[in-house]
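Everything quoted here is computed from the prediction, not taken from an experiment. Remember, it's 1-based here, ligands and their atoms both numbered in the order they're listed.
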Amino acid sequence: MFKSLRHTVTAALCVALVTISCAASAAGLKNGLKIAFVPKQINNPYEVIADDGGMAAIKEFSGVGKVVGPSDAGASSQVQYINTLITQRQDAIVIAANDANAVVPYLKKAMSQGIKVVTFDSDTAPEGRQLFVNQANAEGIGRGQIQLVSKLMGGEGEFAVLSATPNATNQNTWIKWMQEELKKPEYSKIKLVKIAYGNDDDQKSFVETQGLLQAYPNLKAIVAPTTVGIAAAARYISSSSSKGKVAVTGLGTPNQMRAFVKNGTVKAFQLWDPNQLGYLAAYAAANLSSGAISGKEGESFDAGKLGKRTIGPQGEIILGPPTTFDASNIDNFNF
Ligand code: RAM
């Protein structure tokens with residue numbers, strides 16, 4: 001009797017252990033992974049939403065997450081944070097790079113010491129990281145911005161781009177695709193007159209908007225492919241005589257843009273969910289750090305509530321297509 005009881009207990013324990021170890025290996029992630037997020041800027045509302053998504057993911061797989069970074073988006077402002085994270089022996093660094101090259105030597109140093117490096121939002125040169133978690137296909141974002149602004153301008157007139165910093169990899173890639181799209185004959189009557197840089201600084205973006213309106217009196221639209229820029233441009237225009245004459249569009253968060261959509265300054269703009277971007281980047285980093293993936297094209301991994309994701313060419317993982325927001329749908333979104 002005792003013997004059989006002992007067997008039953010042992011069997012039950014085995015079932016329990018097998019269940020636990022199956023649960024752990026289903027996700028295949030190590031416990032207690034130390035993952036640090038380094039946003040472009042610590043105080044940019046977009047980056048804050050993305051970082052929150054990352055921290056939520058890290059909590060799900062019982063890691064230890066933190067967010068550190070500069071208050072400006074300058075090319076080298078992230079270097080000191082990377083150096084500290086190397087000293088702290090983090091398992092992974094997840095970074096939205098302010099410059100394609102400035103951070104690469106430091107990220108290479110991190111990787112040489114076994115720290116996994118994932119870029120998200122804004123990439124480095126490929127040798128600076130193992131994976132890049134991109135919000136959406138860059139070509140699609142760039143071409144989509146021109147399709148949208150052309151519609152808002154009635155297919156003709158002058159427009160300007162109000163970008164982030166001159167060295168931002170993501171904005172520069174999108175602008176390159178905007179310029180490609182503009183070569184199509186259907187845009188022969190619209191002209192890009194200037195690319196201005198607000199440096200993802202609210203005040204500078206505000207002043208740059210004012211400068212564009214003064215320098216180009218016939219301006220029909222401003223495209224700001226940055227959430228900081230579009231919010232500042234909309235704020236300036238909404239209380240100026242240009243309201244209703246100069247369209248503002250680009251990439252913005254629904255919560256920052258809602259008031260300007262409601263007061264008619266902004267008809268339509270685009271974005272993806274930054275929270276999901278951070279969430280996906282954290283899962284990518286955890287899978288790399290756990291050895292579940294090595295970063296090769298074609299490898300798949302489990303990204304929690306976002307399901308199975310596959311690594312594409314050049315170590316790129318794409319979140320999904322952007323959404324276009326306007327008066328008809330903006331109240332369905334809260335980020
Ligand atoms: C700003 C930043 C960020 C970009 C968004 C759209 O918040 O420049 O990198 O992805 O805009």
Side-chain angles (χ1 to χ4, degrees), residues 37-54 67 69-75 77-78 94-100 102-103 118-124 132-142 144-145 148-149 161-178 195-206 208 222-235 248-257 266 268-281 316 318-325 333 335:
F37 268 59
V38 184
K40 276 185 166 179
Q41 298 154 277
I42 206 96
N43 50 351
N44 172 339
Y46 172 95
E47 304 281 325
V48 171
I49 305 170
D51 298 338
D52 286 351
V67 183
S71 56
D72 69 280
S77 55
Q78 295 166 313
V94 181
I95 182 170
N98 279 327
D99 186 278
V103 287
V118 173
T119 52
F120 77 113
D121 180 37
S122 188
D123 199 11
T124 58
F132 169 42
V133 180
N134 198 354
Q135 35 266 59
N137 173 278
E139 176 175 352
I141 297 173
Q145 294 275 287
L148 183 56
V149 73
V161 167
L162 174 64
S163 190
T165 59
N167 42 286
T169 332
N170 52 342
Q171 272 89 10
N172 286 347
T173 312
W174 300 332
I175 292 169
K176 193 191 89 198
W177 284 113
M178 286 186 204
I195 302 172
Y197 297 95
N199 290 353
D200 269 352
D201 175 89
D202 176 70
Q203 268 313 304
K204 177 147 170 60
S205 305
F206 191 82
E208 288 292 327
I222 293 177
V223 180
T226 138
T227 59
V228 179
I230 193 177
R235 192 169 83 252
V248 180
T249 189
L251 303 172
T253 68
N255 287 357
Q256 281 187 287
M257 301 309 292
V266 174
F269 64 99
Q270 298 176 318
L271 202 71
W272 40 86
D273 184 343
N275 186 278
Q276 291 187 357
L277 178 67
Y279 182 93
L280 181 56
E316 185 174 332
I318 293 182
L319 177 66
T323 302
T324 302
F325 307 100
F333 299 91
F335 59 82

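For ligand 1, the polar-atom distance check against N44 finds a nitrogen or oxygen pair separated by under 3.5 Å. Checked by distance only, ligand 1 and W174 stay at 3.5 Å or farther apart across all their nitrogen or oxygen atoms.
For the side chain to side chain contact (heavy atoms under 4.5 Å, CB included) with V67, the qualifying choice from V38, I42, V94 is I42, the only one to do so. No option in V103, D99, D72 other than D72 meets the side chain to side chain contact (heavy atoms under 4.5 Å, CB included) test with S77.
Looking from atom 11 (O) of ligand 1 to the surrounding protein, the closest heavy atom is T227 N, 2.9 Å. What sits closest to atom 2 (C) of ligand 1 on the protein, heavy atoms only, is D200 OD2, 3.2 Å. At the shortest separation from atom 3 (C) of ligand 1 among protein heavy atoms lies D121 OD2, 3.4 Å.
Close contacts of ligand 1 with Q171, meaning ligand atoms under 4.0 Å from a residue heavy atom, involve 2 (C), 4 (C), 8 (O), 11 (O). Counting atoms of ligand 1 from 1 in the listed order, those under 4.0 Å from a heavy atom of K40 are 2 (C), 3 (C), 8 (O), 9 (O). Close approach of ligand 1 to Q135 (heavy-atom distance below 4.0 Å) involves ligand atoms 10 (O). Near T226, the atoms of ligand 1 lying under 4.0 angstrom from a non-hydrogen atom of the residue are 1 (C), 11 (O). Atoms of ligand 1 found under 4.0 Å from any heavy atom of E47, numbered from 1 in the order shown, are 3 (C), 9 (O).
In terms of heavy-atom proximity, L251 sits nearest to I141 at CD1-CG2, 4.2 Å. Annotation for P70 and K40: closest pair CG-O, 3.5 Å, computed over non-hydrogen atoms. Taking both residues in full, the closest heavy atoms of W272 and A136 are given as CE3-CB, 4.5 Å, listed atom of the first, atom of the second, then distance. T173 and T169 get closest at one heavy-atom pair: OG1-O, 2.6 Å.
Side chains of D200 and T226: a donor-acceptor N/O pair is present below 3.5 angstrom, by distance only. Donor-acceptor pairing under 3.5 Å is recorded for the side chains of D121 and N170.
Here F120 has no heavy atoms under 4.0 Å from ligand 1, in either its backbone or its side chain.
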